[in-house]
Amino acid sequence: MAYEALLEAARHMIDAALSGMPRVEYVVEPARPGFGDASSNAAFLMSGAMKMRPAELAARIAERCRPGGLVSGVEAHPSGYLNVRADWDVLSGRIMESCMSAGYGGGFGSRSTVVEHTSVNPNKALHIGHVRNVVIGDTISRILRKAGDRVTVLNYVDDSGLQVADVVLGFTQMGYDTEPPPGKKFDAYCGDVVYVGVTERAGDDPGLKEQSRKILADIERGDTESAKVAAEVTRRVLADQLETCWSLGVRYDMLNYESQVVRSGLWRTAFGKMKEMGMATLAREGENAGCWVIRDKVIVRSNGTATYMAKDIPYAAWKMGLVEDPFTYREYGAQPDGTMLYESVLEGGRRMEREAADRVITVIDSRQADLQKTVSDIMERFGGGEYIHLGYEAVTLSAATARTLGVQTHTGSQMSGRRGIYVGADQMYAKLRDRAAEETYKRNPDMNEDMVDAISRAVAVGAIRYEMIRQDLGRAITFDMERSTRLEGDTAPYLQYSHARARRILERAASEPDYTGDMSVLIQNKERAMLRLLGMYNIVVGDAYRNLSPKVVARYCHDLAVAFNTFYESYKVIGAGDLENARLCLTGAFCSVISDALGVLGIPAPERM
RNA sequence: GGGCCCGUAGCUCAGCAUGGACAGAGUGUUGGACUUCUAAUCCAGUGGUCAAGGGAUCGAAGCCCUUCGGGCCCGCCA
C-alpha cells in the first residue's frame, strides 16, 4: 500500500492547489528515476484552458502546493512536470511495514473466475508450444488468486476427436504395441510413434482415413469397442501429460472430458437454445445445404454429427454456469502441491455446488481467435458473466533449432506434432535440469545430491516458465534451443540467484532483522530505489490483474532483482554498524517480496544456488 | 477477397491502453572488478532515420489514415 499512499497524498495536495482552476483528469504516477518520487502531468493538461505554457503553469501550481504527510516537497520541472518528493523518514518505515504484512500485493479482487488452459489432445506428449499455453494459464490463475479472486482451473480433455481416432486406429488395426519401448513415456510413444506413423500412412490411403472416421463415430456413440480403447489410451496419455505439467509447478482443480459433454445432453440444450433464439439456422441450399450453421460456420454436419465448435459451445455455457449441471464429480488424485484434482463424470460421482462465474477465461492461441469470437458472441447472447478468450501468439522454432530436428529451413518453422517436428517439454526440462545441476555442483562441490537436485529442478522450472511469459502475449516466441538454455542475463536463474544471495546475508547475520527499527537511515539512492520498487508491488499486481498480463510481473521481478544486485555490489550489510539493521530489513523485505512475486509466476525461489 | 498479430540497437525484447522530461533492458562486442555477505554477479564503453509516408496536436515510438515487410486465421479438421 505504501507507494499508493504517497501517490494519493500527492494527488490530494495537487487537487487542493488546483482549486478554482479548470478540472482535468490528470495522473500522478511513480516518477522515473532521477525525477523525484512521483510525477504529475497536470500542468500539461491544463495549459490549453489556462492559456499558459506548461512550465509556467507547473511553477504556479507548485507554489500553491502545501506539502505535508508523506509528501515533503514539490518542484516544477522546466519540462512542465510536477515532481513530488516523498518524506522518506516516514515512507521507508511504511514500505517496510507493508512488505512484511501478510498478503502484501493482493487482496483487492473478489470475482469468481474460471480459467481453462492446457487442453491438449490426449494422444501425444506436450511440446514447448503447449507449454506456453500451460504456463500462461497457470500464471494467470495465480495472478487472479493473488489478487483475491476465487479461481477454478479447468483442463478440457478432448478425448473424442479425430486425433484420438487416429491412434485408436493404430492400436486396434495397424498392430502397434500398447506398451511403449523401455524408457519412453506412453504419451511420447503414442504421439511420436503411433500418431506420426498412422498419419504418415493414412496420408495416401483413403481407406485408412475412412476407417479413422468410422472410429470417430464409434467413439462418439460411446458403447463401442473403439470407445473403450479410446478411453484407455486417452487416460494413460493424460496421466503422463499431467506429470509434465505438475513438474512445471502447474495445478488444476478439475478435468472435463469432451466425450462427456457430447453424451451429457448439454449439446441438445445449447443447440435448442440457439435455434430458439434464431442464432442457429438450417441451410437449405448452397454449399452448406443440410447443415445447421451460425454465421456461415457449420455446427452440425449434414450427416447429423456435431463439429468442433458445436462441442465448444455447450462446454462454454457449462463453464459460465448458464446450463443445468449434468455432471457429478469424483477425485482424480492428489497433486504435488497437496491439493485434490477432481474430474467430472456422468454417473457415480458426487454432486457439487457450483458458483456461477463472473467471468470465464479460456486460454487458447490466437489462431483460434475467430472461433472464440463466435463462442464469445453466443455466450453474450445467452447472458451471464463475461467470456474472455485470452489469446497469445504461438511458439515457432528458430531456423537453427528446426535444422537440428531435420527440417530444411532458413526462416524457422512451425511445430507439428503430426509430423513429429517439435521440441518436447520433458526433453527441454531434462536438458535445463542437467545444465542447472552442473552449474550448481560447480559452485557447491560439497552439497548433497538431493539439494542439488531440488535446486536444479527449481532453476529448470523457472527458466522455462520465465521464457514463456516474459514477453507480450501478442508476440510470437521463436524458440531457440541455444538461447533458451541460457542461465544468465534476463532469465529466471538471475532472479532466483538474487534471492539466494539475499537469503545468504540473512542466514549469516548475527541477528534477525528488526522490522520495527528505524528505516530513515536508508538514504542512499540504491537503497531508495529498492524501497521504491518494493512499495510498488501491489500496483504491479493490480496492473497484471487488470490487463491479464503475466509479463508485467516478470518485468517487475527483473527490475527488483537488478535493484538488489546493484545494492549488493555497492554496500555491506553485515558489519554496516548503525546501518546494519535497516539494511538487513531491506534485504529481508526484498526476499519476501521477490519470492512472493516469483510465486505468482510459479517460479520457485531456492534458498541457495 | 475479408480479418488478427508483429515491425524499436547486430540479435531477443520493454515502453504504446491513459501522447509530454534524455527512447530503456538483456544479449553481442571492447575494457575493468573476486584475500570482503555466492562473479548464475557488478561497473564502464559500444550500439537507434522507433518499417515508410501523411494527418490531427503546442508536443508522437505511442493516436488516425495509407503503404511496405514478416507471421497467422477464414474447412461438413480439431
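Computation of the quantities below employed the complete heavy-atom set of this structure, encompassing side-chain atoms and omitting hydrogens, waters and symmetry-equivalent molecules.
Of the candidates rA39(B), rA40(B), rC22(B), the closest approach to any side-chain atom of L487(A) belongs to rA40(B).
By the 5.5 Å and 30° criteria, Y81(A) is stacked with the base of rA21(B).
In terms of polar N and O atoms assigned as donor or acceptor, the side chain of R443(A) comes within less than 3.5 Å of the base of rA40(B) in a complementary pairing. Looking at S498(A), its side chain has no donor and acceptor atom pair within 3.5 Å of the base of rA40(B).
Nucleic acid contact for A500(A): base, since at least one base atom lies under 4.0 Å from a heavy atom of the residue. At the heavy-atom level, G80(A) lies nowhere under 4.0 Å from the strands shown. Within 4.0 Å (heavy atoms only), N565(A) reaches sugar-phosphate atoms of the nucleic acid but no base atom.
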Report summary line: For nucleotides 70-78 of chain B, 5' to 3', base contacts (B), sugar-phosphate-only contacts (S) and non-contacts (-) with protein non-hydrogen atoms under 4.0 Å give --SSS-BSB
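Remark: R483(A) is not in phosphate contact with rC13(B), judged by side-chain N or O atoms under 4.0 Å from OP1 or OP2.
Taking the ring centre of F564(A) as origin, the terminal cationic atom of R501(A) falls outside the region bounded by 6.0 Å and 45° from the ring axis. A cation-pi arrangement, defined by a distance under 6.0 Å to the six-membered ring centre and an angle within 45 degrees of its axis, is present between R11(A) and Y26(A).
Salt bridge status for K209(A) with D205(A): absent, with no side-chain N to carboxylate O gap under 4.0 Å.
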